[in-house]
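Before any comments, here is the structure.
Reminder, nothing fancy here: chain letters follow the sequence lines and each chain counts from 1.
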Amino acid sequence: MKDAFVPNIVGFLCNWCAYTGADLAGVARLRIPPSLRVIRVMCSGRIDPLFVIKALLKGADGVMMMGCHPGDCHYQKGNFSARRRFVLLQTILDSLALEPERIGLSWVSASEGQRYSKVTTEFSEKIQERGPNPIRDEIFV
Amino acid sequence: MAQVLKINKSVDQGLTAFLEFLLKEKKVSGVVTLKKNRGGPGISYALITRPEELDGARPLFPLMPANSGKILSRLTLRGPLKDPIAVVLKPCELRALIELVKRQQGSLENMIFISQTCPGVYPLEMSVDGDLDALASRYQDQVQSGQHIPEIRPACRSCVHFTPQNADIIVSLIAEAGLDRSCSLVLNSKKGEALADGMAGEKREQDLNSQELAHFSDHRKTARLKLFDEMGEKTKGIKGLIGLFGKCIGCHACGNACPICYCNLCFFESQPNESRPNSFRADLEKKGAARIPAGTLFYHVGRLAHMSVSCVGCGMCMDVCPVDIPVGTLFSRVGESVQKTFEYIPGSKIDEPLPVAVFKEEEFAQLGEG
């Protein structure tokens, strides 16, 4: 177990749902993967595709976008925009063969501590199986 | 069936005579067209208001010194034109302008578009030595016999949107016999018809030579597929991308020439994107080396995120690249897949909203639920 690969995952969490859900998971002492580094944003609609691209090119093994369930956005429609951007990113990464599987999108509400624990663990395990991001060792990025 | 105006002059002279007619009859207050520099070498877009300045106008010259979509957007950025002007431009330039207008970067009002079934243009580097003039007549011969011209830019060789759907007047070029003695103007809209009213020439009801165009299109589609497949193979994964962009000097010429990249202060040229000593230090600690200039790949992939949905495939980026990276082919290829995802053809419908500006509540419903 000593040399097991622990991925570096960057999570962009919206303040109102996912981040509060994460907080709840913490308070309830649920298991949260140690690989996840959380960055709080006010809304998933704030997540510029460039954030995700930068994280991947800087060597993150995975990037998660998390926000309120569709229809529950604190700002009415930010998560719908986020969803389109996620699809845009997936398409670009896919057509460049840059492993679109390394990005993930999940809706977690403020009361879903359980779900937060579940989706982050699943994503982390998926990335762990995938192995390190090959961009990690590249210099010409 | 559309109305066609046939002018008994060579296609270049016929169109110039038409522009002169428009200015003299005060149907338009100005004309934007390619024009030769007075006395010296060089050809560029020019806004012309006096008929005598049409001397040296080469409206159909096979060259794209800049994407005029960007020029026209700058011209109308502060508000629509007060008086009508006629603009002679290539189909991809018109599509680029429409994309810019959708981004609130200009206005189509009071502009009358004269475009062409476009056979493609030569690379900019060929215009430097002045040999293009000699090539122009050969170009015309090849065009009227429906041939594919090998020397044109790769972006043009693989272009399938060469018929300008939104133009008011379409100059029929591809596979149009007798370009050296007659000029066929297809009046594609009411505006176009009103404009041609009173111009000397023979009018008839006729459509674009659709059979030849379809044949031409098939050939282009095959070429496009082949080019995109090769590019896909070449740029597979991070190794492939670095292979392509490893020689990028980070000059941002591609972004500056790109009609869709309109931001006056581009994020990639802004202070937050500067590589600071501490970010270099972090890279160096991890990898032991860091490329300078940094962030070139981030620039290209990031630019894809910004503009791929509207990429009209005009090929300007590739034409201006000082180190000859086939940026345009990659961007067109990625752009096509993004546009397919959102079922969007840039520049085709003026009232269709940009996919990144809107959403449907019911779409991609399974995403994020797992």
Side-chain angles (χ1 to χ4, degrees), chain A residues 8 17-18 44-45 48-59 64-71 73 76-99 104-108 115 118-119 122-123 126 133-141, chain B residues 228 232-233 235-248 267-268 273 279 282-284 286-291 294-298 300-306 308-309 330 333-342 355-365 367-370:
Chain A
N8 263 325
C17 294
S44 53
D48 190 320
L50 294 186
F51 295 175
V52 179
I53 294 169
K54 180 116 189 176
L56 287 176
L57 290 183
K58 281 280 178 186
M64 273 197 107
M65 293 167 63
M66 298 169 97
C68 311
H69 284 277
C73 177
Q76 320 301 337
K77 51 184 188 180
N79 51 1
F80 288 118
S81 302
R83 191 168 62 183
R84 276 224 162 181
R85 285 182 200 138
F86 179 77
V87 174
L88 173 79
L89 273 167
Q90 261 190 332
T91 316
I92 291 175
L93 294 181
D94 183 41
S95 87
L96 295 174
L98 280 183
E99 301 185 82
L105 175 76
S106 269
W107 310 129
V108 172
R115 181 174 155 77
K118 179 178 154 269
V119 293
E122 277 173 9
F123 188 73
K126 196 176 106 181
N133 183 356
I135 304 176
R136 206 183 242 208
D137 305 318
E138 293 292 348
I139 298 158
F140 276 44
V141 289
Chain B
F228 282 8
E233 238 5 87
T235 56
K236 221 173 210 167
I238 188 66
K239 290 278 180 222
L241 267 189
I242 291 175
L244 191 77
F245 288 116
K247 58 178 176 174
C248 173
F267 167 78
F268 296 101
N273 190 45
S279 83
D283 270 358
L284 289 171
K286 258 185 269 160
K287 302 178 189 172
R291 183 187 197 253
T296 39
L297 202 57
F298 179 47
H300 293 290
V301 183
R303 214 163 76 75
L304 275 173
H306 280 172
S308 59
V309 75
L330 179 75
R333 182 176 165 274
V334 176
E336 194 180 74
S337 59
V338 170
Q339 291 154 17
K340 264 190 193 147
T341 304
F342 294 111
V356 282
V358 290
F359 59 82
K360 290 188 197 110
E361 291 194 10
E362 65 281 6
E363 68 188 356
F364 312 121
L367 270 183
E369 299 293 353

Heavy-atom check, side chain of B/S308 versus side chain of A/L88, under 4.5 Å: yes
- Is any side-chain heavy atom of A/L50 less than 4.5 Å from a side-chain heavy atom of B/F268? yes
Any non-hydrogen side-chain atom of B/L297 less than 4.5 Å from a side-chain atom of A/F140? no
Cut-off 4.5 Å, heavy atoms of chain B, and the answer for A/L89 is neither
Between the CZ atom in B/R291 and the CD1 atom in A/I139, the distance rounded to the nearest 0.5 Å is 11.0 Å
Residue from B/V356, B/T235, B/L304, B/V309 scoring the most non-hydrogen pairs under 4.5 Å with chain A is B/L304
Does some side-chain heavy atom of A/H69 sit less than 4.5 Å from a side-chain heavy atom of B/E369?
yes
Between the CD atom in B/E361 and the CG atom in A/N79, the distance rounded to the nearest 0.5 Å is 9.5 Å
inquiry  = I'd like to check B/P355 versus A/R84 (side-chain heavy atoms, cut-off strictly below 4.5 Å). Are they in contact?
reply    = yes
Turns out that what part of A/V119 lies under 4.5 Å from chain B's heavy atoms comes down to side chain
For A/W107 and B/L367, the nearest pair of non-hydrogen atoms, with its separation, is NE1-O, 3.0 Å
When the 4.5 angstrom heavy-atom criterion is applied to B/S337 and chain A, the contacting part is both
Here the gap from B/F267 atom CZ to A/D48 atom CG, rounded to the nearest 0.5 Å, amounts to 7.5 Å
Under a 4.5 Å heavy-atom criterion, the part of residues 236-245 of chain B in contact with chain A comprises B/K236, B/G237, B/I238, B/K239, B/L241, B/I242
Any carboxylate oxygen within less than 4.0 angstrom of a Lys/Arg side-chain nitrogen, looking at A/K58 and B/D283? yes
Side chain of A/R83, backbone of B/E363: donor and acceptor closer than 3.5 Å?
yes
Under 4.5 Å to a heavy atom of chain B? For A/R115 that would be side chain
